[in-house]
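Read the structure below first, then the notes.
Below, chains carry the letters A, B, ... as their sequence lines are ordered, and counting in each starts from 1.
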Amino acid sequence: MTYQLPSQQEFSARVLDWYDANARALPWRSLPGQRPDPYHVWLSEIMLQQTTVVTVGPYFDKFLTLWPTVQHMAAAPLDDILTVWAGLGYYARARNLHKCAIDICDKFAGTFPNNREDLLTLPGIGPYTAAAISSIAFDRAEVVVDGNIERIIARLFRIDTALPAAKKPITEYAAHLTPCGRPGDYAQALMDIGATICTPRNPKCAQCPVSVTCTAFAEGDMERYPVKAPKKAKPTRRGVIFWIEAEGGVVLLRRREEKGLLGGMMEFPSSPWQEAAIAPDAALEQLRESAGLNINGPMIHKTLVRHTFTHFHLELQPVVLVMAQKANLSLPGSSWVRPEEFENYALPTLMKKVVTSVQSPQTDFL
DNA sequence: AAGTCGGGGCA
DNA sequence: TGCCCAGACTT
């Protein structure tokens, strides 16, 4: 069976008509046809990378309140950005956000570049985000392809090539369909349709404005698309993490390496995270040597903390050590903090789980 | 092309 | 549980 490509005019008209009647009111979105603030578009697009609209909402509002312009953000310390970003994940985004704000102030005189090529030179802005900002904020007819639009296109044309190899043909189909008029609204409309109608499972084709031109709908095998490469199994890593408390109720925090997993974020001292489990006694001895810490006191085991990262599971055994002495050891990048002050530190969700475990009355054994 | 990089919501 | 999400960056 052969299918005919829908005309760009017919397709985009269906999409834009749907948008005029169904556009969601989102904090970073202007009225249909209106150009929003590029700073708002940029900030929202970075936050929305691999992150849902519902999750981003409160973070977007808080960032705009604290840093209303790109100049404000560029002037802020990176640690402040990380503290407010804490919990949103993919912390390289926060580091690149800060770098990007500085670059815009230094290299573009504080004005957002208004085209895809210049946007691509900025840290944290890749092919998708450059096209999205360019079309949404500057009304340029760029080809915007995110995960939602990938799924829509793959279903419209029943693309059997598996992702990520399918990215190229998908982009070609998308380019054919992208209109010159209202490109920003068109892109946002397709993303809305992907998020609410053309969902990964149980797509609501009865509500879809373009189901009439969808070959997967015609064949009834929508959920087969997009085809994806099989994923690797996640190994489990384990470790012991220490809540070291000194006189006055202060607890030891240290900063992680600038790059890599949870880069630049704060943590409680812990053993390395490896597949082979390590005993708390051995972990403490390692910490004494590596950190030069003279730690002593009885160890109290708290409830195991489980956490899943993108490519491994983690099991951390929290151990509480209350020392009957003053917090007189000072390591570079570490600080003694009272738990009431934790909100002012860049603690990722994993570390907040450790706080919850330690502060719950339950213990494994004494 | 494959691996790294969070966290939450969903069936 | 596994899958997905307005992906970018490194190797």
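- Between the C1' atom of B/dA2 and the CG atom of A/L163 lies a distance of 14 Å, rounded to the nearest Å.
- The same atom, C1', is picked in B/dA1 and in C/dC5; the two are 22 Å apart, to the nearest Å.
- If you check the side chains of A/R151 and A/N148, you find a donor sitting under 3.5 Å from an acceptor.
- Protein atom CZ of A/R256 is 12 Å distant from nucleotide atom C1' of B/dG6, rounded to whole Å.
- Classified by interplanar angle (parallel below 30°, tilted 30° to 60°, perpendicular above 60°), the ring pair A/W42/A/F112 is tilted.
- At least one side-chain nitrogen or oxygen of A/T349 sits closer than 4.0 Å to the OP1 or OP2 atom of B/dG7.
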All N/O donor-acceptor pairs, side-chain side in residues 182-194 of chain A, below 3.5 Å, sequence neighbours left out:
unit_1, atom_1, unit_2, atom_2, d
A/R182, NE, A/D185, OD2, 3.1
A/R182, NH1, A/D20, OD2, 3.3
A/R182, NH2, A/D20, OD1, 2.8
A/R182, NH2, A/D185, OD2, 3.1
A/D185, OD2, A/G33, N, 2.9
A/Q188, OE1, A/R29, NE, 3.0
A/Q188, NE2, A/G184, O, 3.4
A/D192, OD1, A/R24, NE, 3.4
A/D192, OD1, A/R24, NH2, 3.0
A/D192, OD1, A/R29, NH2, 3.2
A/D192, OD2, A/R29, NH1, 2.9

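- Nucleotides C/dC9 and B/dG8 place their C1' atoms 23 Å apart, quoted to the nearest Å.
- For the pair A/H307 and A/K232, nearest-nucleotide mapping onto DNA chain B gives the more 5' position to A/K232.
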Readout for nucleotides 4-11 of chain C: B = base within 4.0 Å of protein heavy atom, S = sugar-phosphate only, - = neither; 5' to 3' it is SBBBSS--
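- Between the CG atom of A/L314 and the P atom of B/dG7 there is a distance of 11 Å, given to the nearest Å.
- Rounded to an integer number of Å, the gap from A/L97 CG to B/dC5 P is 20 Å.
- Across the P atoms, C/dC3 and B/dG3 are found 16 Å apart, a figure rounded to whole Å.
- Between the A/R254 side chain and the A/M266 main chain, no donor and acceptor come within less than 3.5 Å of each other.
- Under the rule for a salt bridge (Lys or Arg N to Asp or Glu O under 4.0 Å), A/E45 has no partner lying at least two apart in sequence or in another chain.
- A/F217 shares a hydrophobic cluster with A/M222; the chain of contacts runs through ILVMFWY side chains whose heavy atoms sit under 4.5 Å apart.
- A heavy-atom distance below 4.5 Å is found between the side chains of A/L88 and A/R93.
- Between B/dC5 and A/H311, a contact under 4.0 Å exists linking OP1 or OP2 to a side-chain N or O.
- Side-chain atoms of A/K234 and A/H311 include no donor-acceptor pair closer than 3.5 Å.
- Position along DNA chain B of the nearest nucleotide to A/A229 versus A/T308 favours A/A229 as the more 5'-ward residue.
- We find that NZ of A/K352 is positioned 12 Å from C1' of B/dG7, with the value rounded to whole Å.
- Atom CZ of A/F309 is separated from atom P of B/dG6 by 7 Å (rounded to the nearest Å).
- Residue contacts shown for A/P348 are limited to sugar-phosphate atoms, with no base heavy atom under 4.0 Å away.
- For the P atoms, the distance linking B/dG6 with C/dT11 amounts to 16 Å, nearest Å.
- Residues from residues 260-268 of chain A with heavy atoms under 4.0 angstrom of DNA chain B, sorted by number: A/G260, A/L261, A/L262.
- Residues A/E150 and A/K167 are paired through a salt bridge, judged by an N-O separation under 4.0 Å between the basic side chain and the carboxylate.
- In this structure, A/V227 belongs to a hydrophobic cluster whose other members, linked by side-chain heavy atoms under 4.5 Å apart, are A/Y225.
- Rounded to a whole angstrom, the distance from the P atom of C/dA8 to that of B/dG9 is 24 Å.
- Distance A/N202 CG to C/dC3 P: 16 Å, rounded to the nearest Å.
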